[in-house]
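Before any comments, here is the structure.
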Amino acid sequence: MPLSKTYKPEDIEGPHYQRWEEEGAFAAGRKNTGKPYTIVIPPPNVTGSLHMGHALNNTLQDVLIRFERMRGRDALWQPGMDHAGIATQMVVERQLDEQGTDRHKLGRSKFVDRVWEWKEESGGTIFNQLRRLGASADWERERFTMDEGLSKAVTKVFVELHKQGLIYKDKRLVNWDPKLLTAISDLEVENRDVHGNLWHIAYPVEEMPGRHIVVATTRPETMLGDTAVAVHPDDERYASMIGKHVILPLVGRRIPIVADDYADPEQGSGAVKITPGHDFNDYEVGRRHKLEVINILDEKAHLNDNVPEAFRGLERFEARKAVLAQLEELGLIEKIDDITHTVPYGDRSGVVIEPWLTEQWYADAATLAKPAIAAVERGEIVFVPKQWENTYFSWMRNIQPWCISRQLWWGHQIPAWYGPDGEVFVEMDEEAALNAAKLHYGKETPLQRDDDVLDTWFSSALWPFSTLGWPEKTPELDRYYPTDTLVTGFDIIFFWVARMIMMGLHFMGEVPFHTVYVHALVRDEKGAKMSKSKGNIIDPLELIDEYGADALRFTLSAMAAQGRDIKLAKSRVEGYRNFATKLWNAARFCEMNVCLLRPDFEPSSVRQPVNKWIVGETTRAAEAVTEAIQAYRFNEAADACYHFAWHTFCDWYVELIKPILLPRDAGEVRPQGGEGAASSASGDELAQEETRACAAWALSQILHLLHPFMPFVTEELWDKLRHDSPIPDTQDLIVRDWPNAAELPIDKAAATEMEWVIKLVTEIRSVRAEMNVPVAAKMNAVLVGAHSETQHRLATHADLVTRLARLESIDLASEIPDGAVQLVIDEATVALPLAGVIDIAAEQARLEKEIQKADSEIAKIDKKLANDSFVSKAPAHVIDEQRTRRADHAQAKEKLAAALERLKEAG
RNA sequence: GGGCGCGUAGCUCAGUGGUAGAGCACUACGCUCACAUCGUAGGGGUCGCUGGUUCGAUCCCAGCCGCGCCCACCA
């Protein structure tokens, strides 16, 4: 079946993917002899669907995996999903809400069953979307953070860290989400700048009748929990009040005025109300002064019974209004300022977070971080780009205890059981806990399991080894850990990357990966972060539908320059779809000209200059692409492919071989003209045969180099190419060997020769266009003043030049004919006899412009060369280069000037 | 407050201590036997500003202006 006239990605992408998957092309372990190359996928949320960030992240991983697979490595791309505790629980709760019920009515166990049902039905749609993108993950090995094995890993890690004292329970202020009703970690808090007010409130000083101390606050309702007022010890304004007391308005509580450095005389009134139960700083102040901690909020951030009756049960913002109204009535509000300040919000719930005093489980991150910092310092893990190491270090060196417990139902339930007296037993399972309890109490004792589950990121932190089977000693773990490259966005360096390094080192004794490639964020065309609320989301699936997965992948790769965000422009995707079309048509050209792939084709033994040249260009392209991918410079690799395929192969090679493959009709005058000339029929046939094979080979090399970026169209064209071959190749492109540039020759002489041809053709075309020479004009060009080498080149390539430059003929001559347009190619001059066709004045202007250009170049270079310090200090090769350039320009100028003279004479 | 990044063609972006590049857009010509999702030729940039280092700076350094992000306990 010949290739269809047009490239239709939708027709080829599905079938190839299906075949690859059926044939096990993605499976690790195919090449057991190969050194393993492993990437673990950043597990998408089970609730997730493919967005542009995923598309970029997974495209780059797939490029690396396909590249290394072709290079003979035993490539494992380990896929899997994250149970996404909060996100998933929210989804199912919303469903329950629609059905008029809620999780509490259902009960924990039934609720969890419901979540599993949801997961089986609706979870993981993203994996089918990744398949559409072409992701060659080893799907057979798909894992889920909540599956049996990974859950066991989580439990074991918890139990061991607890034994080692690295996990402990503590009562302190946490970030409490009053909507989701759970604690969250520092990282899940998003600080937003918001407009608000600063209320200045007068508190009467007990020992100084008639005197007040004014405190400023953005949260007046928390005054109900105040247990002190703090002033700076050196603040003269308040010196006389230190040690005295205020009677807290509305409450009547007698609280001390304390001196503490925390109070900043520059801020507000210089006196600050202290609410240890609801502010992290105040909590510390409270500890220093042994203040009472009064909790005035319940879990939903409604005021509780620790406040005066009038306020009980009020929601926090209602409470604020009520408190302010009463203070206003009492005349205690001195002043209200408008200010902008930062307020903590839950990143999932979007509501204001409350510092709240609860008991939670913590991991001793500081201890775990130490080896993790050292590993990066020693270079065992390298971040690309390297600057991210600074981000990593600064966070890790100031790391806080990690709050790992969550008051949710969906997740890994904490393996802790409590005895009647509160004694805690942390064990692998209930049976072990009961045994431990029996030993402890001396009799069988019923236990109560901890209700809480673990932070989702706790299980993600184990991902590189838990997915490979840990804690079992599996062959996979042995073979594929440590993994090689982690590809991720910078937004989860703290959440995920740092924690994987900590856990990997602690439990495996080895880093989890050697390289962390940190890619950019994908933004919209204007540079804004894509988000649902802004409505500026570009759906990758829509782009795949419209332009094909290959075009999208290539776009993302070509734009993945290090250290910069990607502003995705649709026009770019369209441009690269056109590139795929171009490739398709190049393959059609080969097909129509019977360019068949020959297994015995030997690139180093071609004889035609044009073929020698394309072999060399292929070699250079293969080198460039290989080096760029190895250095994670995806954009350079993509550009090198693009340039080679389009501008070298299609624009020139295909055009250059047409005269060989499609000789002009017999009977036409051959440029070399002579009877019984050197080119015999058999010589032509040999050249044709070689060229056909060479063209097929070069095309196949392009397909190889492009395959990591555009797997579908390359596989399709390869499929065509190999099946048309007299001895069809048995392998799909996905598992073929990567081009080995080191084994390919570069023929410099052939390159120079072909570059001369290209220059000659380009210059002639340029003049034709500039002079508006009619297409029909017959031009018998002559070359004057050529060296013998140039004469030889012309003899070899005259046919080529006449066809590409659309001449009647081109021959050597000793004289420049009158009325000719002249152009300078190195040492020689090409004359195009265009008397009567051209506009003399226009030609004169053209020549003058050229001369001017040469003059300005010469002047620039002369200035440099006249500079003594340049000549004495610049490296020799730079000076030589300048001299050569000057000579070239001078030569050109001379010829142009001569041409101008002749034109004037003729005119 | 600390840290990081970015200002290059009309737009979106590469890039380099010594001739500034791509895609899209634009102009002219062209349905030449792979391709009009194309071809050929062309226009367009004092590489944010000011200093410094250097023989030479768009590139290195400093400051400034503009934009963005991350971290942080400012009532």
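In the text below, chain A, chain B and the rest are named by the order of the sequence lines, each starting its count at 1.
With both ends at atom C1', the span from A20(B) to A62(B) equals 26 Å, rounded to whole Å. For A34(B) and G15(B), the C1' atoms lie 32 Å apart once the distance is rounded to whole Å. Using C1' as the reference atom, C65(B) and U50(B) are 10 Å apart when rounded to the nearest Å.
His278(A) has its NE2 atom 19 Å from the P atom of C73(B), to the nearest Å. Atoms CG (Asn635(A)) and P (U12(B)) sit 18 Å apart, rounded to a whole Å.
Remark: side-chain polar atoms of Glu655(A) are not paired, donor with acceptor, to backbone N or O of Leu804(A) under 3.5 angstrom.
In the set C74(B), U19(B), C35(B), C35(B) carries the atom at the smallest distance from any side-chain atom of Arg588(A). Distances from the side chain of Thr342(A) to the nucleotides A72(B), C38(B), C35(B) place A72(B) closest. Nearest to the side-chain atoms of Gln882(A) among the listed nucleotides U19(B), G15(B), U40(B) stands U19(B). Which of U37(B), G39(B), A34(B) sits closest to the side chain of Thr581(A) comes down to U37(B). Each of U32(B), G18(B), A34(B) was ranked by its minimum atom distance to the side chain of Arg806(A); first place goes to U32(B). Comparing atom distances between the Glu655(A) side chain and each of U40(B), C35(B), C70(B) picks out C35(B) as nearest. Of the listed nucleotides (C71(B), G18(B), U40(B)), G18(B) has the atom at the smallest distance from the side chain of Val878(A).
In this structure, His341(A) reaches the A75(B) phosphate: one of its side-chain N or O atoms is under 4.0 Å from OP1 or OP2. In terms of phosphate contacts, Trp646(A) brings a side-chain nitrogen or oxygen within less than 4.0 Å of OP1 or OP2 of G39(B). Phosphate proximity of C55(B) to Lys863(A): absent, as no side-chain N or O sits under 4.0 Å from OP1 or OP2. The side chain of Lys8(A) contributes no N or O atom lying less than 4.0 Å from OP1 or OP2 of U37(B). Checking the phosphate oxygens (OP1, OP2) of C74(B), no side-chain nitrogen or oxygen of Lys273(A) falls inside 4.0 Å. Phosphate contact (OP1/OP2 of G42(B), side-chain N/O of Ser766(A), threshold under 4.0 Å): present. Between Asn191(A) and the phosphate of C71(B), there is no side-chain N or O to OP1/OP2 separation shorter than 4.0 Å. Residue His647(A) has a polar side-chain atom (N or O) positioned under 4.0 Å from OP1 or OP2 of G23(B).
When both distances must be under 3.5 Å, the Watson-Crick or G-U wobble mate of G5(B) is C67(B). Under the Watson-Crick and G-U wobble criteria, each requiring two contacts below 3.5 Å, nucleotide C38(B) is paired to G30(B).
Across the interface with RNA chain B, nearest-nucleotide mapping of Thr218(A) and Trp584(A) shows Trp584(A) to be the residue nearer the 5′ end. Checking Asp264(A) against His877(A), the closest nucleotide of RNA chain B that is more toward the 5' end is the one next to His877(A).
Donor-acceptor pairing under 3.5 Å, judged by distance alone, is present between the side chain of Arg577(A) and the base of U37(B). In the interface, the side chain of Glu770(A) is not paired with the base of A28(B) through any donor and acceptor atom under 3.5 Å apart.
Relative to the ring axis of Phe709(A), Arg553(A) does not place its NZ or CZ within 45° and under 6.0 Å from the centre.
Across all strands, Ala263(A) comes closer than 4.0 Å to base atoms (heavy-atom distances). Counting non-hydrogen atoms under 4.0 angstrom, Tyr642(A) reaches the backbone sugars and phosphates but no base. Backbone-only engagement by Arg765(A) is indicated by non-hydrogen atom pairs under 4.0 Å involving sugar-phosphate atoms exclusively.
Aromatic pair Phe554(A)/Phe579(A): ring centres closer than 6.0 Å. For Trp584(A) and Tyr7(A), the ring centers are positioned less than 6.0 Å apart.
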